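All figures in this text were calculated on a predicted structure; none of them were measured in a lab. Values reported hereafter were calculated over all heavy atoms of this structure, with side chains retained and with hydrogens, waters and symmetry mates removed.
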Amino acid sequence: MRGVNYLLNRNKMTDTPKNEAQDAAEKPDYKDTVFLPKTAFPMKAGLANKEPAILERWENIGLYEKLRENRKGAEKFILHDGPPYANGNIHIGHALNKTLKDLVVRSQSLLGKDAPYVPGWDCHGLPIEWKIEEQYRKKKRNKDEVPPSEFRAECREYADKWVDVQREEFKRLGVMGEWDRPYLTMDYHAEATIVSELLKFAESGQLYRGAKPVMWSPVEKTALAEAEVEYEDITSTQIDVAFEITAAPNAPELQKLIDAGEKIHAVIWTTTPWTIPVNQALAYGADIEYVLCDVRKKVDINWIDDASTEITTVGSDTFDAPVRKALVALSEIDGIPWQLVKALDERSSFSIHYNDRSPIIKGSELAGAMAKHPMADRLSVPLPDGERLGEGVKPSDEHPHPTLSLKGDGLKDVSFFTKPRPFLDGSSFVTTEAGTGLVHMSPDHGEDDFDLCKANGINPVFAVDGDGVYREDWAWLPRGDERAGSVINKKFTAKDGPICSDLRDAGALLSASDDFQHSYPHSWRSKAKIIYRCTPQWFVPMDKLSKTKEPQEVTDTVRPEPVEGQSAPHASTSSAGTDDVQNEANELTLRQKAVKAIADTRFVPEKGRNRISSMVEGRPDWVLSRQRAWGVPIALFLDRKTGDYLNDPVVNARIIEAFKTGGADAWFNADHQEFLGDDYNLDDYDIVTDILDVWFDSGCTHVFTLESDIWPSQSWKADLYLEGSDQHRGWFQSSLLESCGTRGEAPYKAVLTHGFTMDKNGKKMSKSLGNTIDPKKIINVNGADILRLWAASVDYTEDHRIGDEILKGVTDTYRKLRNTFRYMLGGLSDFEESERVAPSDMPELERYILHRLAIVDAQLKEHINNFAFGPYMRTLSSFAQDDLSAFFFDIRKDCLYCDAPSDPKRQAYRSAMDILFHALTRYIAPVLVFTAEEIWQSRYPDENDSIHLKVWPEVDAAWQDDALNDKWALIREARVAVTEAIEPLRRDKIIRSSLEAEVQYPLQDLPISSEEFTELCIVADLTDGALSVTKTEHHKCGRCWRLLPEVSEDGDLCGRCEDVIHG
RNA sequence: GGGCCGGUAGCUCAGUUGGUUAGAGCGCACCCCUGAUAAGGGUGAGGUCGCAAGUUCAAAUCUUGCUCGGCCCA
């Protein structure tokens, strides 16, 4: 009946209900006598609006500087910022990275350390240059007509603009740091340091000039760093080309046929037809078996000969006649023989025939064999005007350094094409997985090619100009030829393009089709295809011995010999007369130093160590040079006679001085004779105008920031570098190599890497997919604290996701936390020092909670030191939720609301709550930077103060009480059993509030009194017995709402409340 | 194509050297409270641990293959 009445009355909202509850309402209303929580702290956060004001106040009071002052003399923690590129608005990846950095800095600072943060930007480089050029194009201005200094000034201005934009975006995230004085790689002092570091490499012999195939973009006309290249699937032209074998001294079977006048060809397969005009050799695998097949024109009955009837046909046409013999790898693939031959037959416009009697040649037999370039005969027939033959040597603008031999044999005439192509042993890279098992070699355009040819004395010929067109003096398809084109031009290399057509005319093209799909490198900026191209570049050798510590002095007689192409096996720098024994002991290669430095570094997570190790172990020499304008020049003078760079510390010192006052422009605009002084004559030297790889710039940030006088707060080496996992190849490595080269050790003690942020489905974000999430939007809708809480919640060591649902979850977590603080603020209103109770005098419940706090405190500290922010927030959140909100606060609600303010129990509770408040506000401060401040200011309003100046709360070791914990673990377990037992009655509407429940529970198992347990379970009465629950017969106190035997009628006061109200 | 890393409830994450019925918080559903109230408390439903084999008395955990995703490389 009761339940029914209740429901009926509920439905008639406007009526004056007549039931027991309402009867009670006619009794005096005691609400005003209850000590309800009082606070102005709003439940609703409104972060998006509040945060900017809080930021402004921090700026006004100089919070960052205050903190520095505050932590003066404390142990330092230096997180050295990895510079983002000053181009474009920040994206979610920046937001995660900078937030994690801020979490580290603030949490270390909270632990009492002096943790300054100097943010930085990477300002030089191609992308900015490109932007400026783009602006020129729009204005129809020709870049080449703009004075370099003006161009560079515009780049500088552009970078400055984006530094300002990003700075504001980072600040809005709540990232605290020295924003008024960030480091920029384009600052003059930075540029001076970069060049001085470069000269350290030069002075210690760790620099050489060589030619090597580098990734080259014909569109941007520059060498690209690996980081500037991306791979994309494209369709290329694949061709099979026949090279006539002219001699095979170690393959008697072949030699016999050759001597008999047979035409025997080596067949090569390539997807870069444009490298054929630069071919210089052929490579075989020594252990690969090759079969000599017959190649026949299809449907050419006139060529039939007797032998043909006995030959097994792979192709469909048995009427073909042999016109050639072709050598192709004989190999099994997946247990099926002849696969490569069959594949060749399929794509070829000829048919390929073989049988059991076809000669088998072992790869090693090809040693010493020679072939002819397919165009050799054709090009040696002069054209009427002679143009295609080339006309003598013209020094190329591309290769202004005469000391490096850039002269290929093809310069003068067609002899480049007519000279024999040797067969070389390419076992290390030649496979039979695709192609023909024979590989054509062009040292200009492939790393394997370059290395193998170099080892056999064949040098690159630099046939392809920077824009991708064959040189003007090249014999085949040179610049100026009406059919000439860029090698990345699809039409130029197509099956009907000039290369294939000429090869076809020469009878050397077995197949050509524009249908080979593969992934191919592209410039990340222009998206255009790139090529491997040999150019003179500056390198840092990875495997050249040098001292672990710099020589004290370098005399001007020391001239490291630049080694072309390869690193020298021994250092050439040791000054005469120094102790060679000690020298040798100290000598390590850069690679060895780096490997050792990695072993000495802490990696978080540990798996990062493998990753960078394997990269450092396998990487090639570091290409330092770029043929661009916006960057720090490789400030060297080249001796015109010897090709060596001038290595005079006195000259170098002058250069560095000039950079300090004039930046990199000091090099481009200088009177170079002044640098050289009286000792050298500028006429004897070429001035290097290449600029440095931007990764060298960023590799130097540790020098010009940590060691600089500009930031007295900084010191070498950094405690931590913190970046995305892509930086194993980027900044972590460039910094490591730079530092190992100049200092012999890493610039960091620890490296922390994080994964990438994916969309809600775990897919990579991209503009084209339209699944990007703008951090600014999150900040403007939810607030930066929500974004920060998200960053602190996910497992950043792996890839992680963000999306609406995830953000909603984060917001919910935030709200719970916020409310817990709001409750504490309300409960602590008017809390006075005079009512403080010492923890040792508190009831067990309070002491148990303080024990939990001590445990949590220790866990949180450990999480911070492991940079484990996810576990940190989860520990914190569940403490607030489970231990406090659902347990401690719920139980003590009655005490807080209804006990007299003078009651020691209530005072003890409030004292415990005060301790919790101080601890928790500090705990959340590194993550919820704005909310923590709002909470703090709500209780302790002080314009000049901030929660962020505080240090980690002091937790008394005595609070930890494991015996108490064990006891209360039992009690809490019993409490759960009781609440579970109440639930069915509640569901059946027998009771509503747990306060109406009368419970029997086997108390003999519990170390607690019946009265205490009653209070803990928030029930009417709890007595010993088998577990059972009934509705109590007691009546409800009008003030505290407890149902007690002493209350004779609902709405009357219980004894406790009587005392509180009437004394 | 190669190397490395990862895939556990709707979401974020725990799951020690293989060992009971795979856990937590949030969300969700339902209930209570209406004196933390766009809050608070309780109960409950959710998982073939990416898939498939194998090793073992026993596999989320070890092995292999596959698949999906990511980073790096080619």
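Defined by atom type and a distance below 3.5 Å, a donor-acceptor pair is present between the side-chain atoms of A:His800 and A:Thr757. Between the side chains of A:Thr931 and A:Tyr814, at least one donor N or O sits under 3.5 Å from an acceptor N or O.
Regarding A:Leu817, its CG atom lies at a distance of 11 Å from the C1' atom of B:rG25, rounded to whole Å. One atom, CG of A:Asp890, and another, C1' of B:rG35, lie 13 Å apart when rounded to the nearest Å. Computed from coordinates, the A:Glu606 CD to B:rC4 P distance equals 17 Å when rounded to whole Å. A:Arg611 has its CZ atom 15 Å from the P atom of B:rG3, to the nearest Å. Residue A:Asp894 contributes atom CG, which lies 15 Å from atom P of B:rG35 at whole-angstrom precision. A:Leu985 has its CG atom 13 Å from the P atom of B:rC33, to the nearest Å. Taking atom CZ of A:Arg986 as the reference point, atom C1' of B:rU34 lies 14 Å away to the nearest angstrom. As a whole-Å value, the separation of A:Arg619 CZ from B:rC72 C1' is 13 Å.
Note on A:Ser877: nothing from the nucleic acid sits closer than 4.0 angstrom, heavy atoms only. A:Arg609 comes within 4.0 angstrom of nothing in the nucleic acid, heavy atoms only. If you check every strand for non-hydrogen atoms under 4.0 Å, A:Trp1041 touches a base. A:Lys31 comes within contact range of at least one nucleobase, with a heavy-atom separation under 4.0 Å. Across all strands, A:Thr813 comes closer than 4.0 Å to no nucleic acid atom at all (heavy-atom distances). Across all strands, A:Asn610 comes closer than 4.0 Å to no nucleic acid atom at all (heavy-atom distances). Residue contacts for A:Glu983: at a heavy-atom cut-off of 4.0 Å it reaches a base atom on one of the strands shown. Residue A:Gly870 is classed as having no contact, given no heavy-atom separation below 4.0 Å to the nucleic acid.
Only the C1' atoms considered, B:rG7 is 16 Å distant from B:rA14, to the nearest whole Å. Separation of the P atoms belonging to B:rG6 and B:rC13 is 15 Å when rounded to the nearest angstrom. Separation of the P atoms belonging to B:rU63 and B:rU55 is 15 Å when rounded to the nearest angstrom. Rounded to whole Å, the P atom of B:rG15 lies 15 Å from the corresponding atom of B:rU61. With both ends at atom C1', the span from B:rC28 to B:rG46 equals 9 Å, rounded to whole Å. Comparing the P positions of B:rG25 and B:rU43 gives an interatomic distance of 10 Å, to the nearest angstrom. With C1' as the reference atom, B:rG41 and B:rG35 are 14 Å apart, rounded to whole Å. Only the C1' atoms considered, B:rA59 is 16 Å distant from B:rG50, to the nearest whole Å.
When each of B:rA39, B:rG41, B:rG42 is scored by its nearest atom to the side-chain atoms of A:Lys816, the top-ranked nucleotide is B:rG41. In the set B:rC32, B:rG35, B:rU43, the nucleotide with an atom closest to the side chain of A:Arg992 is B:rC32. For A:Tyr532, the side-chain atoms get nearest to B:rA74 when compared with the rest of B:rC71, B:rA74, B:rG42. Ranking B:rC33, B:rA74, B:rG35 by closeness to the A:Met215 side chain, first place goes to B:rA74.
The phosphate of B:rC31 has neither OP1 nor OP2 within less than 4.0 Å of any side-chain N or O from A:Lys989. Proximity of A:Ser885 to the phosphate of B:rG41: a side-chain N or O atom is located under 4.0 Å from OP1 or OP2. For A:Ser725 and B:rG70, the shortest distance from a side-chain N or O to OP1 or OP2 is not below 4.0 Å. Note on A:Gln881: a side-chain N or O is less than 4.0 Å away from OP1 or OP2 of B:rG41. Listed pair A:Tyr30 / B:rG35 fails the phosphate criterion, with no side-chain N or O lying under 4.0 Å from OP1 or OP2.
No side-chain heavy atom of A:Phe887 sits less than 4.5 Å from a side-chain heavy atom of A:Asp882.
Within the shown strands, B:rC28 is the pairing partner of B:rG44 under the Watson-Crick or G-U definition, both distances less than 3.5 Å. With both pairing distances under 3.5 Å, B:rU21 is matched to nothing as a Watson-Crick or G-U wobble pair. Base pairing of B:rA52 is made with B:rU64, judged by Watson-Crick or G-U wobble geometry with both donor-acceptor distances under 3.5 Å. When both distances must be under 3.5 Å, the Watson-Crick or G-U wobble mate of B:rC33 does not exist.
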Classify every nucleotide of nucleotides 7-17 of chain B by which part a protein heavy atom approaches to under 4.0 Å, writing B for the base, S for the sugar-phosphate alone and - for neither, in 5'-to-3' order. ---SSSS----
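With sequence neighbours left out, A:Pro871 forms a side chain to side chain contact (heavy atoms under 4.5 Å, CB included) with A:His863, A:Ala868, A:Arg874. Applying the side chain to side chain donor-acceptor pair (under 3.5 Å) test to A:Lys529 and every residue at least two apart in sequence or in another chain returns nothing. Checked against ring pair (Phe, Tyr, Trp, His ring centres under 6.0 Å), A:His1035 has no partners two or more places apart in sequence or in another chain. Residues passing the side chain to side chain contact (heavy atoms under 4.5 Å, CB included) test with A:Asn819, sequence neighbours excluded: A:Met43, A:Arg822. In this view, A:Asp799 and A:Phe756, A:Met758 satisfy the side chain to side chain contact (heavy atoms under 4.5 Å, CB included) rule, not counting sequence neighbours. With sequence neighbours excluded, the residues that form a side chain to side chain donor-acceptor pair (under 3.5 Å) with A:Tyr923 are A:Asp857. With sequence neighbours excluded, no residue satisfies side chain to side chain contact (heavy atoms under 4.5 Å, CB included) with A:Glu805.
With its glycosidic angle within 90° of 0, B:rG46 is assigned syn.
Annotation: proximity of residues 37-49 of chain A to RNA chain B (heavy atom, distance under 4.0 Å) is found for A:Met43, numbered in ascending order.
The residue from A:Arg906, A:Arg1056, A:Lys905 that alone fulfils the salt bridge (charged side-chain N to carboxylate O under 4.0 Å, His left out) condition with A:Asp894 is A:Arg1056.
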As a quick check of understanding, evaluate side-chain contact (heavy atoms from CB on, under 4.5 Å) for A:Thr772 and A:His91, giving each step before the final call. CA-CA 9 Å; A:Thr772 53; A:His91 54 70; over 6 Å; no
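Comparing A:Val810 and A:Lys1036 by the nucleotide of RNA chain B that holds the closest heavy atom to each, the one mapping nearer the 5' end is A:Val810. For A:Lys808 and A:Thr820, each mapped to the nucleotide of RNA chain B holding its nearest heavy atom, the one lying further toward the 5' end belongs to A:Lys808.
A donor-acceptor distance shorter than 3.5 angstrom exists from the side chain of A:Asp621 to the backbone of A:Met542, with no hydrogens or angles considered.
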